[in-house]
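Whatever order the structure lists them in is the order used to number ligands and atoms, beginning at 1. Numbers for residues simply follow the sequence, beginning at 1.
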Amino acid sequence: MIMSPSTVRTRTSAFDAARLRDDFPILREQVNGKPLVYLDNAATTQKPRAVTDAIARYYAHDNANVHRGLHELASRATDAFEGARERVARFFGVADAAEMVWTRGTTEAINLVAYAWGLDRLRAGDEVLLSVLEHHSNLVPWQMLAQRTGARLRFIDIDEQGRLDLSALDEVLTKRTKLVCIGHVSNALGTVNPVAHIAERAHAVGALVLVDGAQSAPHLPVDLPALGCDLYAFSGHKMCGPTGMGGLWGRRDVLETFAPFHGGGDMIDTVELESSTYAQLPNRLEAGTPHIAGAVGLAAACDYLAGIGRDAILAHERALMTYALERMAEVPDLTVYGPADPAERSGVVSFTLGDVHPHDLATILDGEGIAIRAGHHCAQPLMKRLGVGSTARASFYLYNTAGDVDRLMDGLERARRLFGL
Ligand code: PMP
């Protein structure tokens, strides 16, 4: 039975997506003469007024460089910046804000681990365990590192529903495994991976665990100490925050082993002409003037999401996904990839329609005002594993409604007619 949109609304009455939409001015845009339906949230999310106002307020009232100044604005900017770190740490359940290192986003956070930790630690014969689900950001840095160190990359495969096949975990996890790098949620299929279980097994062989949290931080209630990993990378722009802002959380004892990476101002204690000593965490891993307004905006985004409640956001997305999967199952020629059970995925659904090229599908939907993504989703090895060149992908967030799913389905129907399916 297909749930009606009103059933979806009832199930998600913990919050009112239609009302939340008012917080996002961009959702009132018309696209190609139609009201925008934004279903490209796995690529980036829209920003609520609370975030853009916080950034504008910072620039209008508090802007100065941080840490060094002795004037009033410099101390206001420093308070805003370090206060933001505390709020973001708290959002992730982290008590020690010094464990929260700012980066430009997930990609930079993963590269930071590769260079500041991996370059000195990995040797020929060591192994790094990844999965075939990974985003290029969690593959390419390790390939580059493997080339430089002689370490070997190994991979966890998936089953026919795009879930990690953990049956061989004990074979691929050995004493040689130094690091396990795993995505918490697949950006291409939406699969939610059992990170805690993998972390437990990885720790049993002495490996560190880095989680790519780009797609979990926005959608799941993430409590980092409870998750069981050692390091966690995330991007602000995928969780209602600004672009160019994200972070790497790491257990203090693990971050303490990182070599300084970028050298420059702010990461030092003393500097001589020939040598330097370095600052404490987190500054030793944050050289140069940071993205102060970005931190302020990201903290506002975390406050905004916490105010709505991440359990409620997840319940809403799951209800939307259930409705979408039920409706999609009724469309002839439509192939849906990823877990069949909505409880095993976040709000991402990848699909193909007959032999229509996903780019053509995205273009037709764009003509209807519907924004989806089509392509390899920065997961070319996964596409190869699935035996497809590319897929179309719709991804939901807190402001999407059952009406958006209906518009998507109408758009797919139109595409079927246009292609004579
Ligand atoms: N990992 C995953 C799973 C992602 O979805 C993305 C963004 N698409 C990234 C990493 C990279 O994030 P960013 O581009 O913000 O660094």
Side-chain angles (χ1 to χ4, degrees), residues 38-47 51 88 101-115 128 130-144 155-156 158 162-164 180-195 198 209-220 222 227 229 231-249 291 294-295 297-298 301-302 317 337-339 345-350 371-383 385-386 390-397:
Y38 187 76
L39 298 177
D40 196 16
N41 293 289
T44 200
T45 55
Q46 300 303 345
K47 318 306 170 199
V51 168
V88 174
V101 178
W102 297 132
T103 65
R104 283 191 298 140
T106 306
T107 304
E108 192 173 77
I110 294 173
N111 277 275
L112 177 60
V113 179
Y115 286 95
V128 175
L130 308 160
S131 88
V132 300
L133 277 177
E134 302 311 311
H135 187 282
H136 295 167
S137 296
N138 200 26
L139 286 175
V140 183
W142 307 117
Q143 295 167 355
M144 292 162 66
F155 299 91
I156 303 172
I158 48 172
R163 299 169 300 196
L164 292 183
V180 176
C181 309
I182 213 81
H184 196 174
V185 173
S186 157
N187 68 305
L189 299 181
T191 319
V192 180
N193 294 321
V195 165
I198 296 169
V209 178
L210 163 63
V211 168
D212 171 350
Q215 298 292 344
S216 62
H219 304 282
L220 306 182
V222 173
L227 194 58
C229 60
L231 298 152
Y232 180 92
F234 64 98
S235 297
H237 70 98
K238 296 193 194 276
M239 49 191 291
C240 290
T243 51
M245 187 65 208
L248 174 73
W249 168 78
H291 188 2
L298 176 55
C302 288
E317 288 182 22
Y337 300 87
R345 56 160 94 209
S346 75
V348 172
V349 57
S350 259
I372 64 153
R373 185 144 297 244
H376 52 60
H377 315 295
C378 291
Q380 286 184 11
L382 174 62
M383 295 294 120
R385 175 68 183 76
L386 294 171
S390 59
T391 67
R393 179 188 74 185
S395 49
F396 305 118
Y397 207 21

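Rounded to the nearest 0.5 angstrom, Arg163 CZ and Leu189 CG are separated by 11.5 Å. The structure places OG of Ser131 at 8.0 Å from CD1 of Ile198, a figure rounded to the nearest 0.5 Å.
The part of Lys238 lying near ligand 1 is the side chain, judged by heavy-atom distances below 4.0 Å.
Under the 4.5 Å side-chain criterion, counting only non-hydrogen atoms from C-beta, Ile156 is not in contact with Val180. For the pair Val132 and Pro381, the minimum side-chain heavy-atom distance is 4.5 Å or more. With contacts defined as side-chain heavy-atom distances shorter than 4.5 Å, the pair Ile110/Trp142 qualifies.
Residue-ligand proximity, Gln215 to ligand 1, at heavy-atom distances under 4.0 Å covers atoms 3 (C), 4 (C), 5 (O). Counting the atoms of ligand 1 from 1 in the order shown, those under 4.0 Å from a heavy atom of Thr107 are 11 (C), 12 (O), 13 (P), 14 (O), 16 (O). Of all atoms in ligand 1, numbered sequentially from 1 with element shown, those under 4.0 Å from a heavy atom of Ala214 are 1 (N), 2 (C), 4 (C), 6 (C), 9 (C), 10 (C). The ligand atoms of ligand 1 that sit less than 4.0 angstrom from a heavy atom of Ser137 are 9 (C), 10 (C), 11 (C). Counting the atoms of ligand 1 from 1 in the order shown, those under 4.0 Å from a heavy atom of Ser235 are 12 (O), 13 (P), 15 (O), 16 (O).
With hydrogens and angles ignored, the 3.5 Å screen pairs no side-chain donor or acceptor of Thr191 with any backbone N or O of Ser186. No donor-acceptor distance shorter than 3.5 angstrom exists from the side chain of His376 to the backbone of Ser390, with no hydrogens or angles considered.
In terms of protein heavy-atom proximity, atom 4 (C) of ligand 1 is nearest to His135 CD2, 3.3 Å.
In the candidate list Asp212, Ile110, Val348, Thr106, Asp212 is nearest to atom 3 (C) of ligand 1, counting heavy atoms.
Look at His237 and you'll find a heavy atom under 4.0 Å from some atom of ligand 1. Not a single heavy atom of Arg104 sits closer than 4.0 Å to an atom of ligand 1. Contact analysis leaves Asn138 out of contact with ligand 1, as no non-hydrogen atom separation drops below 4.0 angstrom.
Applying the salt bridge (Lys or Arg N to Asp or Glu O under 4.0 Å) criterion to Arg393, with sequence neighbours excluded, gives Asp40.
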